[in-house]
Protein chains: 2
Amino acid sequence: MNKRTQRFSVIRSIIESEPISSQDELIIKLKEQGYEITQGTLSRDLKFMHVAKVPHREKGYIYVIPDQMAAHQADTHISSLITDNITNISFSGNIGIVHTKAGYANAVAVLLENKRYPEIAGTIAGDDTIFFVLHEGQSRKRIVRELSKLCPNIVIPQ
Amino acid sequence: MNKRTQRFSVIRSIIESEPISSQDELIIKLKEQGYEITQGTLSRDLKFMHVAKVPHREKGYIYVIPDQMAAHQADTHISSLITDNITNISFSGNIGIVHTKAGYANAVAVLLENKRYPEIAGTIAGDDTIFFVLHEGQSRKRIVRELSKLCPNIVIPQ
DNA sequence: TTTACTTTTGCATAAATATGTAAATTTTAT
DNA sequence: ATAAAATTTACATATTTATGCAAAAGTAAA
C-alpha cells in the first residue's frame, strides 16, 4: 500500500468520525496523524475518492463519503459497533438528545440504559433519536464527560 | 407559494434533469426559465435545500439533491393529509407535545423533521404522541407561528 | 392603510476549492 | 542499478462558493 493510498484511508476515517467542514480543517487533522500535504493535493484526493460536500445543520457544510462507499466500509470494524452509529449529541435544558443513524436509536438506548448513569432519570428511543432526561438539579458535567468517553469523535457542547 | 419557494422547485428540476457543475452554470439555466438571481442568493438557496456537490466522472463536479431531501419534497403536497391528524399541540418548558390520532405520530414526526425548523433540537414519536425539544434559549414564538401555519385549526397556547 | 417586524436579496468581498505547470517521486523495464 | 515512463506533488493562481451587511421586499398586527 503506497503513501497516497494509506492517506486515502486516513482521510476516510477522519471524515467518517467527525464533521469536517473545510479542506484546511482536514489538513490539520491529517498533520496530527503524520500526513502533511497541501490543499491542492487534498482537493485532488477528495475528488478521486468521490467525497461530497453537503450542507449540515450545525457545521454549515461537511464532507461525506457517498453511500455505496460508506456502506462498503460500514461493517469493517466490529468494536464500538453501537456507538459508531451515534451521529450527534446535544442538550437542551435537562434533556439530552442523541441522534443516531436510522434504525439504531433503540440499540444505542439499550446500551445507555445498561450503563445506569446515575444522572439519567430515563430514556426513550424512536427510530433515529433518543431523548434522555436528567434528574432535577443534576449538572451535565459528569454525564457529558462519560458520553465523551463513549464516543470520542462526537463533539458534545459544554 | 412565494417566489423563493417556486425557485427552489425550478432549481431542483434543473439539477435533477441535467448535470450542473457550477453555480454560474445554474444561474444561466435559471435565467432561461425567467428566474434572475445572483450567485450569493443561489449559494444560500442550495444550502437551504441541502444540495450537495459531488465529484463526477465526466463533468468534474455536479450538484445533487440528497435522498432525504427528495423524500421531503415528495411529501410536501400530501403534508396536509398528515397534519390533519394532529389533534392537539401544547408546550411545557422547552418541550413541545403534539397529540395525533392513533398511529399517526410517526408520520407527523417525519414531516416535522423534514421541515428542519431551526428551533427544534430533536423529535421523538410514540404511537399518538410526539415530543419535540427546543434548543436552549430559543423562543417559542416563531415555532408556534410556523406550527400554526401547518395546522390552522389547532389552537396553540401563547 | 400605516407601522413594526421578519425574511430575502444584491453587492462586495472573504473564504474555500480546483487546476495548469514544472519539479519531485515512484514505478517499470532493461 | 540505471534510464525511461508514469504518477504524484507543491506552488501559484484562477475559479468557485460563502457570507457580512445594508437595502428591499414581504407579512402581520393595529
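By convention in this document, chain letters (A, B, ...) are assigned in the order of the sequence lines, proteins followed by strands, and residues within each chain are numbered from 1. When reading the values below, keep in mind they use all heavy atoms of this one structure, side chains included, and skip hydrogens, waters and symmetry mates.
The hydrophobic cluster containing B:L42 also contains B:Y35, counting ILVMFWY residues as joined when their side-chain heavy atoms lie under 4.5 angstrom apart, directly or transitively. A:V64 and A:Y61 fall into different hydrophobic clusters, defined by Ile, Leu, Val, Met, Phe, Trp and Tyr side-chain heavy atoms under 4.5 Å apart, directly or through other members.
B:F8 places its CZ atom 12 Å from the C1' atom of C:dT9, with the value rounded to the nearest Å. Remark: P of D:dA10 and OH of A:Y35 are 14 Å apart, rounded to the nearest angstrom. Per the geometry, CG belonging to B:D45 stands 14 Å off C1' belonging to D:dT17, to the nearest Å. Atoms CD (B:E36) and P (C:dT9) sit 14 Å apart, rounded to a whole Å.
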Using a cutoff of under 3.5 Å, can you pull out all pairs of nitrogen or oxygen atoms linking the protein to nucleotides 4-7 of chain D, with atom names and distances?
none

* To do: Starting from the C-alpha separation in whole Å, work towards a yes-or-no answer on side-chain contact (heavy atoms from CB on, under 4.5 Å) for B:S21 and B:H56.
  => CA-CA 9 Å; B:S21 43; B:H56 180 266; over 6 Å; no
### Message
Go through it in stages, so that I can follow the logic: the residues are A:I97 and B:I124, the test is side-chain contact (heavy atoms from CB on, under 4.5 Å), and I'd like the CA-CA distance, side-chain angles, deciding distance and then a yes or no.
### Response
CA-CA 10 Å; A:I97 299 110; B:I124 194 162; over 6 Å; no
Notebook entry, point to check: Should A:D24 and A:I28 be marked as a side-chain contact (heavy atoms from CB on, under 4.5 Å) after you check the CA-CA gap, both sets of side-chain angles, and the distance that decides it?
Noted result: CA-CA 6 Å; A:D24 282 344; A:I28 291 166; 5.7 Å; no
Test side-chain contact (heavy atoms from CB on, under 4.5 Å) on A:R4 and A:F8 and set out the steps. CA-CA 6 Å; A:R4 182 163 163 263; A:F8 285 169; 3.6 Å; yes
In B/S/- notation (B base, S sugar-phosphate only, - none; protein heavy atoms under 4.0 Å), nucleotides 12-25 of chain C written 5' to 3' is ----SBBBB-----
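In this structure, B:F132 and B:I95 have side chains that are not in contact, with every pair of non-hydrogen atoms separated by 4.5 Å or more. Using a 4.5 Å heavy-atom threshold, the side chains of B:T123 and B:V98 count as separate.
Nucleic acid contact for B:E25: none, since no nucleic acid atom lies under 4.0 Å from a heavy atom of the residue.
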